[in-house]
Amino acid sequence: MRAKTPSESRTVMTDLVLPSETNPLNNLFGGELLARMDRAASISARRHSRRITVTASVNHVAFNRAVPLGSVVTVEAAVSRAFKTSMEIFIDVWIEDRFTGERTKANEAIYTFVAVDDTGKPTEVPPLEPETDLEKERFAAALRRKQLSLVLAGKMKPAEATELKALFTS
Ligand SMILES: CC(=O)SCCNC(=O)CCNC(=O)[C@H](O)C(C)(C)COP(=O)(O)OP(=O)(O)OC[C@H]1O[C@@H](n2cnc3c(N)ncnc32)[C@H](O)[C@@H]1OP(=O)(O)O
């Protein structure tokens with residue numbers, strides 16, 4: 001299978017924050033942001049694999065900044081590493097200043113998607129070839145995050161998590 005670059009799966013979704021999507025502090029409801037990120041990540045995973053893709057896990061979400069009512073929010077997702085049938089998707093969330101248009105990073109998240117066939121059976125995906133320094137950095141750390149996610153899900157024994165162990169022994 002031909003290797004693909006993160007730019008081939010990059011997905012950018014821009015939308016407003018409406019009153020029905022806010023919490024009592026008039027900021028974007030966390031679950032609404034999770035759904036927006038899931039949609040963008042799902043499109044990214046599909047663009048990389050050209051298969052049906054399902055969310056396998058949400059590995060990390062940081063709600064660093066509240067997103068106020070009326071904000072213009074941009075969710076930007078791209079595959080950060082492809083394994084055999086799974087893909088790590090890195091998502092950056094930006095808000096845009098109403099007057100200057102300047103973008104500020106509000107949140108980020110990391111999701112794992114799996115490509116499946118028509119029966120829901122995991123199927124192989126193309127490898128990923130990172131290009132920029134940031135893409136290379138995210139690619140390098142992705143195996144460690146995959147192992148942590150599998151250990152926490154009870155799908156890998158901690159003793160087998162070689163990349164994680166290396167963190168503590170180096
Ligand atoms: C877009 C949406 O919202 S879809 C709706 C929400 N999602 C779903 O309904 C998915 C339901 N879950 C499933 O269908 C299955 O559990 C699947 C397809 C995700 C995984 O199926 P499994 O039988 O566990 O397959 P398997 O053990 O071979 O794992 C497949 C891959 O997922 C990876 N994986 C599975 N669980 C996790 C996890 N918790 N964290 C990270 N990776 C995981 C495996 O390491 C493997 O990766 P690899 O082939 O790249 O090495």
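We count ligands from 1, going down the list as the structure has it; atoms in each ligand are counted the same way.
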Requested in this report: Answer yes or no: is there a side-chain heavy-atom contact under 4.5 Å between F139 and R81?
Outcome: yes
Query - Protein heavy atom at shortest distance from atom 10 (C) of ligand 1 - result: T55 O, 3.5 Å
Requested in this report: Find the distance between CE (M37) and OH (Y111) and round it off to the nearest 0.5 Å.
Outcome: 4.0 Å
Query - Contact bool for atom 17 (C) of ligand 1 (protein heavy atom, d < 4.0 Å) - result: no
Query - Gap separating the OG1 atom of T5 from the CD atom of E129, nearest 0.5 angstrom - result: 8.5 Å
Query raised in the report: Is there a protein heavy atom at a distance of less than 4.0 Å from atom 8 (C) of ligand 1?
Result: yes
Query raised in the report: What's the shortest distance from atom 25 (O) of ligand 1 to any protein heavy atom, and which residue and atom give it?
Result: P122 CG, 3.6 Å
Report summary line: Between N107 and N64 the two heavy atoms that sit nearest each other are OD1-N, 2.8 Å
Query raised in the report: Under 6.0 Å from the CG atom of D133, do we count more than 12 heavy atoms belonging to anything else shown?
Result: no
Query - Closer than 4.0 Å: a protein non-hydrogen atom to atom 27 (O) of ligand 1 - result: no
**Report entry** Where ligand 1 meets D38 - atom numbers and elements under 4.0 angstrom, heavy-atom basis
**Finding:** 3 (O)
**Report entry** Shortest non-hydrogen separation from A40 to V75 and the atoms involved
**Finding:** CB-CG1, 3.7 Å
**Report entry** T53-ligand 1 polar pair, N/O distance under 3.5 Å
**Finding:** no
Requested in this report: Check whether any side-chain heavy atom of V73 sits under 4.5 Å from a side-chain heavy atom of I95, and report yes or no.
Outcome: yes
Query raised in the report: What do we get for T112 next to ligand 1 when only non-hydrogen atoms under 4.0 Å count, side chain, backbone, both or neither?
Result: side chain
Query raised in the report: Where is the nearest protein heavy atom to atom 43 (C) of ligand 1: which residue, which atom, and how far?
Result: L150 CD2, 3.5 Å
Query raised in the report: Is any side-chain N of the basic residue among E135 and R10 closer than 4.0 Å to the acidic one's carboxylate O?
Result: yes
Report task. For residues R138 and E88, report the shortest heavy-atom separation together with the two atoms involved. Result -> O-OE1, 4.2 Å
Query raised in the report: Looking at atom 50 (O) of ligand 1, would you say a protein heavy atom lies below 4.0 Å from it?
Result: yes
Requested in this report: Give the numbers and elements of all ligand 1 atoms closer than 4.0 Å to a heavy atom of K155.
Outcome: 24 (O), 35 (C), 36 (N)
Query raised in the report: Is the closest side-chain heavy-atom distance between F63 and V93 below 4.5 Å?
Result: no
Requested in this report: List every atom of ligand 1 that sits less than 4.0 Å from any heavy atom of S149, numbering the atoms from 1 in the order shown and giving each element.
Outcome: 38 (C), 39 (N), 40 (N), 41 (C)
Query - Which atom of A45 lies closest to which atom of M87, heavy atoms considered - result: O-SD, 3.6 Å
Query raised in the report: Short check: is a protein heavy atom less than 4.0 Å from atom 2 (C) of ligand 1?
Result: yes
Requested in this report: Would you mind listing which atoms of ligand 1 come within a distance below 4.0 Å of any non-hydrogen atom of A56?
Outcome: 19 (C)
Query raised in the report: Does N59, backbone or side chain, put an N or O under 3.5 Å from an N or O of ligand 1?
Result: no
**Report entry** Heavy atom of protein closer than 4.0 angstrom to atom 32 (O) of ligand 1
**Finding:** yes
Query - Protein heavy-atom partner closest to atom 14 (O) of ligand 1 - residue, atom, separation in Å - result: V54 CG2, 4.3 Å
Report task. Grab the two heavy atoms, one from T53 and one from S42, that are nearest each other, plus how far apart they are. Result -> OG1-O, 3.5 Å
Report task. Heavy-atom distances under 4.0 Å are what count here, so tell me which part of S86 touches ligand 1: side chain, backbone, both or neither. Result -> both
Report summary line: Note: ligand 1 atoms sitting under 4.0 Å from heavy atoms of A153 are 39 (N)
Query raised in the report: Counting only heavy atoms on the protein side, is anything nearer than 4.0 Å to atom 23 (O) of ligand 1?
Result: no
Query raised in the report: atom 38 (C) of ligand 1: protein heavy atom closer than 4.0 Å?
Result: yes
Query raised in the report: Considering only heavy atoms, does L152 approach ligand 1 within less than 4.0 Å through its side chain, its backbone, both, or neither?
Result: neither
Report summary line: In short, R65 meets K105 closest at the heavy-atom pair CD-O, 3.8 Å
Report task. Looking only at protein heavy atoms, identify the closest one to atom 47 (O) of ligand 1 and say how far it is in Å. Result -> K146 NZ, 2.9 Å
**Report entry** Working for side-chain contact (heavy atoms from CB on, under 4.5 Å), residues E124 and K84
**Finding:** CA-CA 5 Å; E124 279 192 42; K84 187 161 173 267; 4.0 Å; yes
Requested in this report: Any atoms of ligand 1 less than 4.0 Å from a non-hydrogen atom of T85? List them with their elements.
Outcome: 30 (C), 31 (C), 46 (C), 47 (O), 48 (P), 49 (O), 50 (O)
